[in-house]
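Each chain gets a letter, A, B and so on, in the order the sequences are listed, and its residues count up from 1.
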Protein chains: 2
Amino acid sequence: MENRIQELRKAQNWSQAEFATRLGVSRQTVNALERGRYDPSLPLAFKISTILAQPIEGIFIYDPS
Amino acid sequence: MENRIQELRKAQNWSQAEFATRLGVSRQTVNALERGRYDPSLPLAFKISTILAQPIEGIFIYDPS
DNA sequence: CAAATATGTAAAGCATACTTTACAATGAGG
DNA sequence: CCTCATTGTAAAGTATGCTTTACATATTTG
């Protein structure tokens with residue numbers, strides 16, 4: 001699943017570390033999410049959604065195939 | 001995190017087994033989700049959202065606390 | 001009631017999400 | 001160039017999501 005985390009994080013002028021702190025996760029987790037290494041848990045997706053002020057569907061692009 | 005899966009599944013007159021088949025997961029997983037034993041992964045949440053024809057935010061209620 | 005369908009639950013195992021520690025590589029500003 | 005902030009990556013460990021098998025307990029239907 002692709003996501004717009006990096007794009008939306010940069011729009012706020014936040015480093016990965018800064019964003020990680022706001023989310024309450026490690027910097028490595030933010031890095032892994034941006035690089036598409038894995039998808040966040042649903043609760044974390046909601047936190048990301050809240051902090052980036054976008055609906056989940058506006059951040060994560062689900063490709064059924 | 002609470003969810004409306006059971007309510008929306010019943011509205012379609014689907015058994016847990018029928019719904020599980022449509023989702024491509026086990027019946028036990030559907031049961032566990034409805035009973036709130038754990039949250040689905042984000043990809044599974046998207047599948048549920050698609051099949052129940054509701055946005056993720058309309059099915060799962062995130063409580064930050 | 002009897003039989004069939006639906007739901008709840010448990011244990012063991014595999015896969016994925018996330019952590020900490022640590023170090024390497026990139027980029028920006030003095 | 002030097003330094004510092006930022007980003008990328010790896011390994012080992014813990015936690016969570018999901019599977020299969022199996023069985024018990026409803027609930028529905030003939």
Next item on the list: Mark yes or no for a side-chain to base donor-acceptor pair under 3.5 Å between Arg37(B) and dG17(D), with no hydrogen or angle criteria applied.
Entry: no
Checklist line | Gap between atom CG of Leu23(B) and atom CD1 of Ile51(B) - 0.5 Å precision | finding: 4.5 Å
Hey, does [X] reach any base, or is it just sugar-phosphate, or nothing, if we go heavy atoms under 4.0 Å?
| X | value |
| --- | --- |
| Ser41(B) | sugar-phosphate |
| Gln28(B) | base |
| Ser26(A) | base |
| Ser15(A) | sugar-phosphate |

Picking from [options], which would you name as closest to the side chain of [X]?
| X | options | answer |
| --- | --- | --- |
| Asp39(A) | dG8(D), dT19(D), dA17(C) | dA17(C) |
| Arg9(A) | dT7(D), dA22(D), dT19(D) | dT7(D) |
| Leu33(B) | dC18(D), dA17(C), dT7(C) | dC18(D) |
| Arg27(A) | dT19(C), dA22(C), dT9(C) | dA22(C) |

Margin query: Do Leu33(B) and Asp39(B) have side chains that approach each other closer than 4.5 Å (heavy atoms only, starting at C-beta)?
Written below: no
May I have the distance from [X] (atom [atom1]) to [N] (atom [atom2]), rounded to whole angstrom?
| X | N | atom1 | atom2 | result |
| --- | --- | --- | --- | --- |
| Met1(A) | dT16(C) | CE | P | 13 Å |
| Phe60(B) | dG17(D) | CZ | P | 11 Å |
| Leu23(B) | dG17(D) | CG | P | 16 Å |
| Lys10(A) | dA5(D) | NZ | C1' | 14 Å |
| Lys47(A) | dA17(C) | NZ | P | 16 Å |
| Gln16(B) | dT28(D) | CD | P | 14 Å |
| Tyr38(B) | dT9(C) | OH | C1' | 12 Å |

May I ask you to verify if any side-chain N or O of [X] is less than 4.0 angstrom from the OP1 or OP2 atom of [N]?
| X | N | answer |
| --- | --- | --- |
| Gln6(A) | dT7(D) | no |
| Arg35(B) | dG8(C) | yes |
| Asn31(B) | dT7(C) | no |

Notebook entry, point to check: Is it the case that more than 12 heavy atoms not belonging to Glu2(B) sit under 6.0 Å from its CD atom?
Noted result: no
Item checked: Ile61(B)-Ile56(B) co-clustered via ILVMFWY side chain contacts under 4.5 Å -> no
Notebook entry, point to check: Less than 4.0 Å between a side-chain N and a carboxylate O, is that true for Arg9(B) and Glu34(B)?
Noted result: yes
Next item on the list: Report the residue (Ala32(B) or Leu42(B)) whose heavy-atom-nearest nucleotide on DNA chain C is the more 5′ of the two.
Entry: Ala32(B)
